[in-house]
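Whatever order the structure lists ligands and atoms in, that order sets their numbers, starting from 1.
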Amino acid sequence: MRITNLNPDSEIGASSWLLDLDGCRLLMDAGMHPKREGRDALPLYKFLDDKDLNAIAITHCHHDHIGSLPVAMRHSRNAHILMTELSCYVAGRVLHNSVNVMLRQRDERGIREYPLFTHDQVEELEAQFQGFRYNRQVDWAARRKSRPGSSSPTLEFFDAGHTIGSAGILVRGQSQSLFYTGDVCFHDQTILHSARFDGVRADVLIMETTRGNRAPSPGFTREKEMDRLTAAMQAVLSRRGSVLLPAFALGRTQEILASLALLMRAGQIPRQTIYIGGLGRVFTELYDQKALITSRHYPNLQLSEELQLIVLEKEELETISLGAGRIFVLTAGMLTESTPAHDLAVRMMADPRQGIFFVGYADPDTPGGRLKISKPGEPFLFSADAGEVTRHCEIQDFDLTAHANREALLDFAEKVSPKVILLGHGELSSRQWFEEQLRSRLPGVRIVQPDAGLVVEA
Ligand SMILES: [Zn+2]
Ligand SMILES: [Zn+2]
C-alpha cells in the first residue's frame with residue numbers, strides 16, 4: 001500500500017490521507033486548516049489530479065477533518081462519500097456554516113478566493129452522503145472489482161468517543177490492513193463514552209498525537225478538574241461577574257452544557273439562563289435528537305429541555321449586562337476573530353469580576369492562546385481586530401479534553417501491533433515525544449513522521 005499525507009502543514013493543520021491499496025484509492029478525511037486563509041488552507045489536492053478516487057471516508061465532522069470535502073469531490077466526482085450514520089446528520093450543517101464563515105470573511109477581510117464552495121454545492125453533495133453504523137464492513141471499492149471472486153478492500157468504522165459520530169477507520173485489503181485513529185478519546189466525557197477500538201489489529205497505524213507534548217499532572221482526574229471548574233464558576237457568580245466558556249459548537253459545547261445541567265441538578269450552580277451561539281444550539285438539538293442511538297451517558301438528558309438556553313444575538317454582544325452573574329458558552333474555542341466569544345472576551349477583559357475559563361485546546365498562535373498566557377495588568381496583543389489590550393479579568397484553563405492522553409494512545413499503538421506507524425495531527429514536539437516512546441517500546445516497528453506530500457510505501 002501507499003499512503004500520502006496531504007496535510008499542507010507539519011502541525012495539526014488540515015487532516016487528509018490518501019491511501020492506494022490493491023489498485024483502489026481511498027481519501028481519509030478532507031479537512032480545512034483552521035489558521036490559514038483561502039486556498040492555502042486546503043490539503044494538497046494536487047496529488048488527486050487525474051486519478052479517480054473510489055471513495056472518501058470522513059472520521060468526524062470537525063472543520064479540520066471535513067471542511068474541504070466539496071473541494072476534494074471536484075477531483076473525483078464518482079467517489080462514494082462514506083461516514084458514520086451519526087456524522088451524516090451533522091456534516092451538511094458544518095459545511096453550510098463554513099460557506100457562511102467564508103462569505104463573511106470575504107466581505108470583512110477582503111479574501112477574494114472565498115467562498116471555496118457554495119451552499120448549492122453543499123446541498124448537491126449532501127444527497128450523496130452514505131451513512132454507516134459502527135462495526136459494519138463497507139465494500140468501498142466494489143465498482144473496481146476486476147476479476148470475479150477477487151475481493152476488493154473494505155472499511156469499518158469504530159467509535160472514537162471524540163464527538164458525535166466520530167470514528168476510527170479500519171481498512172482491510174487482500175493481504176494488508178490499515179487503521180486510522182482520526183481524533184480519538186480513550187476516556188469517558190460527560191456525555192460520550194470512551195472510544196471502542198477493542199480488538200483492532202493492523203499492519204499500518206496512522207495515529208493522532210495531539211497531546212504528545214502534555215505530560216499528565218500527578219493525581220489528575222477529570223472529576224477533580226470538574227470540581228475545580230465548579231468552584232471557579234461559583235466564585236465568579238458570587239461576585240456578580242459573568243463566566244465565558246469558549247467552546248467549539250460541535251462536541252465541546254454539548255459536553256459543557258451537560259456538565260452545567262448536572263451541576264444545576266445537584267444545586268451546585270444556581271439554575272439560570274445559559275447563553276449559547278446559533279450553531280451551538282443546532283448541534284445541541286442534534287445531540288438531543290440522536291441521544292438514543294449514540295453511545296453515551298445520560299441518554300435521557302435532553303439539554304434543550306433541561307436547560308434554559310438562549311441564543312445570544314450579534315447585536316446583544318455589545319449591550320448585554322455582564323454584571324448580573326451570567327453564563328455564556330460561545331464559539332469559538334480559540335477566540336478566533338469575528339466570533340461571539342472573541343467579541344465578548346474583549347468586553348470582559350478589563351473587569352476583574354469577570355471570568356474567562358478555557359475548557360479546550362487553544363493554539364498558542366490564536367487570540368485564545370495568547371490570552372491564556374497573558375499576565376493580569378500587562379498589555380499584550382490579543383488580535384488584529386482588538387489590538388493591544390490589558391486584562392484584569394480572571395483567566396483559567398481546565399483540562400477537559402476530548403483527545404486521548406498520550407499514555408493511553410501508546411498502549412493502544414502497542415495492542416494494534418503494526419509494522420509501520422505514521423504520526424500525524426500534532427505539533428512537532430508532540431510527534432517527537434511519540435516517536436521516542438514508540439521506538440523504545442516497539443523496537444522493530446517503523447515510525448514515520450511524514451512531511452506534507454510525503455509518500456510512504458508499506
Ligand atoms: Zn476533532
Ligand atoms: Zn482534529
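- Using a 4.5 Å heavy-atom cutoff, the side chains of M348 and I356 are in contact.
- In terms of the salt bridge (Lys or Arg N to Asp or Glu O under 4.0 Å) criterion, R39 has no residue partners (sequence neighbours excluded).
- In terms of modelled atom types and a separation under 3.5 Å, the side chain of S429 and the main chain of N213 share no donor-acceptor contact.
- Taking 2.8 Å as the limit, the number of protein N, O or S atoms around the Zn ion (ligand 1) is 4.
- Exactly one residue among L178, L170, V171 makes a side-chain contact (heavy atoms from CB on, under 4.5 Å) with L155. That residue is V171.
- The list of salt bridge (Lys or Arg N to Asp or Glu O under 4.0 Å) pairs with a residue in residues 77-102, not counting sequence neighbours, reads E85-R133.
- Judged as a side-chain hydrogen bond (donor to acceptor under 3.5 Å, both in side chains), and not counting sequence neighbours, T181 has no contacts.
- The atom of H425 that is an N, O or S and sits closest to the Zn ion (ligand 2) is NE2.
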